[in-house]
Amino acid sequence: MIANKTIINAQSQPLNKIELIALLLFSAMMFFLLSQVFYLAHKYKQIETAEYNLVHGIQKPETKSMQETQTQTRSPKTRQETSVIETSTINKQVIENPKEEKIEPVTELVNEIFSDSELIALENQKIIDRYCETVGEKLGSVNVQDCKNAKLKLSGVVSNQSRPLTFRDFITEVPSETTKEKIRILLVGGIHGDEFSGVSISFKWLNKLANDYSSSTNSSINDYHWRVIPILNPDGLLQPDGQSKRMNANDVDLNRNFPTEDWDEFAHKYWIDKRGRDPRRYPGESGGSEIETQWIVQQINEFKPHAVISIHAPYGIVDSDGPIEPPKKLGPLQLKILGTYPGSMGRYVGVQKNIPMLTVELKRAGTMPTQKNIDLIWTDIQKWINDKVLNKESVAAMQSIRHEDEEHKDTIIDKKAGD
Ligand SMILES: [Zn+2]
């Protein structure tokens with residue numbers, strides 16, 4: 001009982017002054033310690049951010065508004081860096097999507113190893129490789145490696161369906177004593193996406209040129225600057241199996257879309273009156289309305305070819321426009337002047353621009369000529385360039401031939417639907 005009483009007394013006894021002061025001191029100390037912990041935590045975060053900035057050269061993306069600011073400030077630099085590839089997409093991901101911070105160390109490493117121009121070259125190579133994979137899948141006579149060996153360059157212009165428009169130049173650097181102007185030849189395949197042989201043979205000749213220009217023994221190549229565009233209409237060609245078509249993605253026949261002087265007056269009239277609105281020969285809404293046409297016109301105006309060779313199928317002839325004497329044959333293909341059409345390449349290049357042009361019409365669109373004939377056609381093309389394109393005296397003769405042809409043009413066109 002006594003013990004119980006003592007306990008009750010102790011519990012009910014109020015705190016004395018010393019105990020109260022001790023309690024207050026203890027509370028103050030705890031408050032101080034806690035505030036220090038919070039302060040240090042804040043400091044640590046600041047240091048971490050500063051270190052991040054130092055390493056990455058940018059501010060750590062923490063808020064939406066910060067992301068927006070960074071994207072805006074980086075964009076102009078990106079545009080200056082390259083006209084072909086928009087940017088290093090890896091960098092862009094870091095800035096625009098903070099959730100993907102994990103890849104930053106890799107990006108940093110990549111940026112340290114490769115310069116901006118090297119990164120662009122790598123991205124371009126990836127685009128060409130993907131392009132070549134689809135070309136190799138589509139064509140029986142050109143495999144993926146043939147296409148890659150062609151070492152095509154991106155023009156920076158893409159088709160309606162974002163396929164690259166590609167080309168390859170062949171030119172030698174010769175000693176300054178031979179500073180005479182090189183003869184520029186433009187070879188164009190695949191204006192029509194369903195003429196597979198025309199594309200395949202362009203690749204064959206492309207690879208032949210690559211061999212010629214890589215061997216130092218062939219000095220005759222020094223006179224020439226070749227530009228080869230193996231596929232002008234990639235959208236028409238590279239559709240899934242069975243769906244390749246003559247026209248481009250907008251269902252326009254590119255070989256009726258060239259901005260000839262008579263396009264506005266005659267292109268639609270001709271298409272309706274003479275072609276019965278054949279959808280395979282629709283000339284488009286206006287002359288040069290298509291991106292592919294705009295690009296090839298730009299090539300013609302900037303490259304200023306002395307001759308243009310365009311590859312088609314399946315009429316098995318060679319047609320010619322322009323101011324010089326045509327070849328009588330190219331291998332097995334005999335000369336047949338078919339005339340030109342409003343908006344056709346022949347009318348734009350040969351008649352309007354007065355540039356010698358050959359339209360090579362292979363015999364079959366889906367089957368390649370024999371290797372012997374591929375070589376014979378090529379040899380005769382070279383012979384024509386040597387004998388006629390280099391020989392300006394033949395200009396007058398050709399002009400008189402063209403003049404006579406003008407009168408018969410319409411009947412020739414109606415009989416034969418060459419293009
Ligand atoms: Zn064609």
Practice item. Say whether, by atom type as modelled, one donor and one acceptor occur between the side chain of Q334 and the main chain of K329 under 3.5 angstrom. Key: no
Exercise for review: Report yes or no: does R256 contribute a side-chain atom to a donor-acceptor pair with the main-chain N or O of Y341 at less than 3.5 Å?
Suggested key: no
Exercise for review: Could you check if a side-chain atom of P369 sits within less than 4.5 angstrom of a side-chain atom of I201, using non-hydrogen atoms only?
Suggested key: yes
Point to revise | Heavy-atom check, side chain of N248 versus side chain of I291, under 4.5 Å | key: no
Exercise for review: Kindly say whether G350 contributes a backbone atom to a donor-acceptor pair with the side chain of K353 at under 3.5 angstrom?
Suggested key: no
Point to revise | Non-hydrogen side-chain atoms of V188 and I309 separated by less than 4.5 Å | key: no
Practice item. Any chance you could measure T379, atom OG1, to W384, atom CH2, to the nearest 0.5 Å? Key: 15.5 Å
Review point. Can you check side chain to side chain contact (heavy atoms under 4.5 Å, CB included) on K204 and M368, steps first, answer last?
Key: CA-CA 11 Å; K204 298 282 178 208; M368 281 288 272; 3.8 Å; yes
Check your understanding: Can you tell which of Q161, E285, E290 makes a side chain to side chain donor-acceptor pair (under 3.5 Å) with N250?
Key -> E290
Check your understanding: Checking T340 side chain against G346 main chain: does a donor-acceptor pair fall under 3.5 Å?
Key -> no
Review point. Taking the side chain from Q352 and the backbone from E261, do they hold a donor-acceptor pair closer than 3.5 Å?
Key: yes
Review point. Taking atom types as modelled, is there a side-chain donor on K153 or N124 under 3.5 Å from an acceptor on the other?
Key: no
Check your understanding: Any donor-acceptor pair under 3.5 Å linking the side chain of H268 with the backbone of W263?
Key -> no
Check your understanding: Can R280 and D194 be said to form a salt bridge (charged side-chain N to carboxylate O under 4.0 Å, His left out), step by step?
Key -> CA-CA 11 Å; R280 285 170 52 79; D194 57 357; 3.1 Å; yes
Check your understanding: Are any of the side-chain heavy atoms of I317 and L338 separated by less than 4.5 Å?
Key -> yes
Review point. Of I311, L254, D253, L237, which meets side chain to side chain contact (heavy atoms under 4.5 Å, CB included) against H192?
Key: D253
Exercise for review: Would you confirm whether H306, through its side chain, and R184, through its main-chain N or O, come within 3.5 Å as a donor-acceptor pair?
Suggested key: yes
Exercise for review: Please name the pair of heavy atoms, one in P305 and one in I300, separated by the smallest distance, quoted to 0.1 Å.
Suggested key: CD-O, 3.3 Å
Practice item. Report the distance from atom CG of L232 to atom OG1 of T166, rounding to the nearest 0.5 Å. Key: 9.5 Å
Review point. Any donor-acceptor pair under 3.5 Å linking the side chain of N257 with the backbone of P283?
Key: yes
Point to revise | Salt bridge D375-K208, side-chain N to carboxylate O under 4.0 Å | key: no
Review point. Do P327 and D380 come close enough that some side-chain heavy atom pair is under 4.5 Å?
Key: no
Check your understanding: Are the side chain of W271 and the backbone N or O of D278 linked by a donor-acceptor pair below 3.5 Å?
Key -> yes
Check your understanding: Any side-chain heavy atom of F114 sitting closer than 4.5 Å to one from I120?
Key -> no
Practice item. Using a cut-off of 6.0 Å, state whether more than 12 heavy atoms not belonging to K148 lie near its atom NZ. Key: yes
Check your understanding: Under a 4.0 Å N-O cut-off, is there an ion pair linking D321 with R347?
Key -> no
Practice item. Quick one: do L209 and W378 satisfy side chain to side chain contact (heavy atoms under 4.5 Å, CB included)? Show the steps, please. Key: CA-CA 11 Å; L209 282 166; W378 184 245; 3.9 Å; yes
Exercise for review: Evaluate side chain to side chain contact (heavy atoms under 4.5 Å, CB included) for I377 paired with W205, printing each intermediate quantity in order.
Suggested key: CA-CA 10 Å; I377 295 168; W205 290 336; 3.6 Å; yes
Review point. Is there a side-chain contact between M345 and I296 (heavy atoms, below 4.5 Å)?
Key: yes
**Study point:** Charged N-O contact under 4.0 Å between E133 and R130
**Key:** no
Review point. How long is the gap from CZ on R163 to CD on E292, to the nearest 0.5 Å?
Key: 10.5 Å
**Study point:** Beyond-backbone contact of F196 with K138, side-chain heavy atoms, under 4.5 angstrom
**Key:** yes
Check your understanding: In Å, rounded to the nearest 0.5 Å, how long is the span from CG of L186 to CG of D169?
Key -> 9.5 Å
Revision key, fill the gap. Looking only at heavy atoms, the pair that brings I185 and F303 closest together is O-CE2, 3.7 Å
Check your understanding: Hey, is the main chain of S115 close enough, under 3.5 Å, to the side chain of E118 for a donor-acceptor pair?
Key -> yes
Exercise for review: Might you work through the side chain to side chain contact (heavy atoms under 4.5 Å, CB included) test for L335 and V318, ending with a clear yes or no?
Suggested key: CA-CA 5 Å; L335 176 70; V318 54; 4.3 Å; yes
Check your understanding: When rounded to the nearest 0.5 angstrom, what is the spacing between CD in E137 and SG in C147?
Key -> 11.5 Å
**Study point:** Considering all heavy atoms, the nearest D235-A249 contact
**Key:** OD2-CB, 3.5 Å
